[in-house]
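This report concerns only the one structure given below.
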Amino acid sequence: MDNATIAQAMNDIALLLEIKGENPFKIRSYSNAGQTIEKMSTPIAVLVRENRLRDIEGIGDALEKKITELVTTGELEYLNELRGQYPKTILDLLKVDGLGPKSVKALYKALGIGSLDDLRQACEAGEVREVQGFSAKREQKILAALAFLEKQGGKFRLNTAWVTAAALCAYLVDNSPATRVEVAGSLRRFKETVKDIDIIAAADNTDEVMKAFLGWPEVARVVSSGPTKSAVVLKNGIPVDVRVVAPNQFPYALLHFTGSKEHNVVLRRRAAEQNLKLNEYGLFREDDTSLQCDNETEIYQALGLPFLPPELREGLYETDLCPPIQLVTQNDLLGMAHCHSTWSDGKNSIAEMADATRELGYHYLVITDHSQSSVYVNGLTPERVLEQHAEIDALNESADTGFRVLKGIESDILADGSLDYDSDMLRQFAFVIASVHSNFDMTEAEATKRIIRAIENPFTSAVGHLTGRLLLTRAGYTVNVDKVVDAAVANGVAFEINANPRRLDMDWRHLRRAAEKGARFVIGPDAHRVAGLRNMRYGIGIARKGALAPEHVLNCLGVEEFLQWRKGR
DNA sequence: GCCGTTTTCGGCCCGACTGTTTTCAGTCG
């Protein structure tokens, strides 16, 4: 039994106990255990075998017994019993924004609502408003939240899909005669969410590749299977298509299945203008003889076009970017921005974050813990800021490698648009990321005004996660992006591209236009632990998708220029 | 349910907003 399954069981127990109305601290114990196990690299099954479960912080007597039972028997009586008390789908209701465990319980008791469908029908019938604690207004809010959920339904975050796709590619390389295996589709284009994974493989013996794919242990259900194309749904719910082609067809298949549809239309039209025909098998002359290209670049060349990186193939830039810009790459990034430490709600010390950042090849780290208003995440009081600065000074003095830790802060933007410290305090930071973390319920005009006021604060360096969205979960507030960008350009304030795969905010769709207006960006992993530093790859992907070059991205600057840029404020 | 420990039980990140149960529970971050 893998860690994900065990973690899921712990998390389900926590949620069911919440609906039951159990002791909140007991609930937290289960939920903490779930989160810990989810992130562990050591298989829990091994720890069970070696009798070492208790070594894990947060696992005591009771959890040790339950996890052992789950791992050894494959079942957990306690969980089964909890599940038996409610409909199978009741936990889905907790995904509805604004519905917590108490509301779910009330709706279940009063109306027997146990699924999203039940909930929608009851709202539409006007039954929900009659339940104690609900109202017509709240009913409308629930319907809106349901609509949002439905729209996002069946989609997966970029990181989930990438990790899964990488595992599958590695498996096929190791266990089939495929000579090339690559990710295609919207995942290759770095869309922030995807509905499936597309994989293209090249092999002379396609049957063997298909056999290997269908035999992958992560496959839950085969939807369709044939000699060149098979579709499955994985145990984690993600649908996967694999296509296998002859090696000489590979670049065409990769291009075709990377898409987007709009991009392919542009390419095929271009081919037609030259009396050529482009499809997933090749580029053909009128007499059906084919032009052989060995890679995508050669196909673009044959069409008289510059190579367009996959991230840009959305039907937006096909004619605009000529000559093509040099997109930002991982190698261009010198600074790690927007990181938390144990001073607020991070899990690693500043020194640990710094070591990890340096090992990843960066030259400096901007520590931006939470500000004082964010009490729930241990935000820094002015006194603690000074203590933290002393620690950073000491770290920088003891470091002999030239690596630097910079004193930043993620300051809350308060409801009126002011920042969370006075000027004397703000002056002491090398970088101030101003973010909204409260009062999300704003009209567009209010949100825009609030953020512009923060931008006009002379100590603001960048606006953090512009819309506050959580992908697949929460839409975030609406902002007039044009007005905010204009204000930021006028005041020399940058925008964060939050690289946390749950956010990827600001949205890539706005980046190019903002850059053309003169906006600058900082890619921030929003890391709360060392592992979170790896989020940078998603932020870089999004920056590329927004057609940004290194000159648009502040943390491509060396440390002195980075500091200088801020002083120019 | 876990932890630390004064080895038996109290503490466990806190505050703001929302809507309406008009005094606070529920939700969110």
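Convention: sequence-line order gives letters A, B, ...; per-chain numbering from 1.
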Please tabulate the protein-to-nucleotide N/O contacts below 3.5 Å involving nucleotides 12-14 of chain B, giving atom names and distances.
| from | atom 1 | to | atom 2 | distance (Å) |
| --- | --- | --- | --- | --- |
| B/dC13 | OP1 | A/R28 | NH1 | 2.2 |
| B/dC13 | O2 | A/Y376 | O | 2.5 |
| B/dC13 | N3 | A/Y376 | O | 3.0 |

Rounded to the nearest Å, what distance is computed from the CG atom of residue A/D412 to the C1' atom of nucleotide B/dC28?
14 Å
Whole angstrom is fine here: how far is it from CZ in A/F440 over to P in B/dG15?
19 Å
Nearest whole angstrom, please: distance from the C1' of B/dG19 to the CD of A/E139.
15 Å
Under 3.5 Å: donor-acceptor pair, side chain of A/T368, backbone of A/E410:
no
Please name the nucleotide paired to B/dT8 by Watson-Crick or G-U wobble geometry with both distances under 3.5 Å, or report none.
none
Where does the angle between the aromatic ring planes of A/H437 and A/H370 fall among parallel (under 30°), tilted (30 to 60°) and perpendicular (over 60°)?
perpendicular
Mapping A/S29 and A/L94 onto DNA chain B by nearest heavy atom, which one lands closer to the 5' end?
A/S29
Taking the C1' atom of each, how far is B/dG10 from B/dT5, in whole Å?
11 Å
Classify the angle between the aromatic ring planes of A/Y538 and A/F190 as parallel (below 30°), tilted (30 to 60°) or perpendicular (above 60°).
tilted
Under-4.0 Å side-chain N/O to phosphate OP1/OP2 contact, A/S373 with B/dG15
no
Is A/I59 touching bases, backbone alone, or none of the nucleic acid, heavy atoms closer than 4.0 Å?
sugar-phosphate
Could you list the protein-to-nucleotides 16-18 of chain B atom pairs, N/O on both sides, closer than 3.5 Å?
| from | atom 1 | to | atom 2 | distance (Å) |
| --- | --- | --- | --- | --- |
| B/dC17 | OP1 | A/N439 | ND2 | 3.4 |

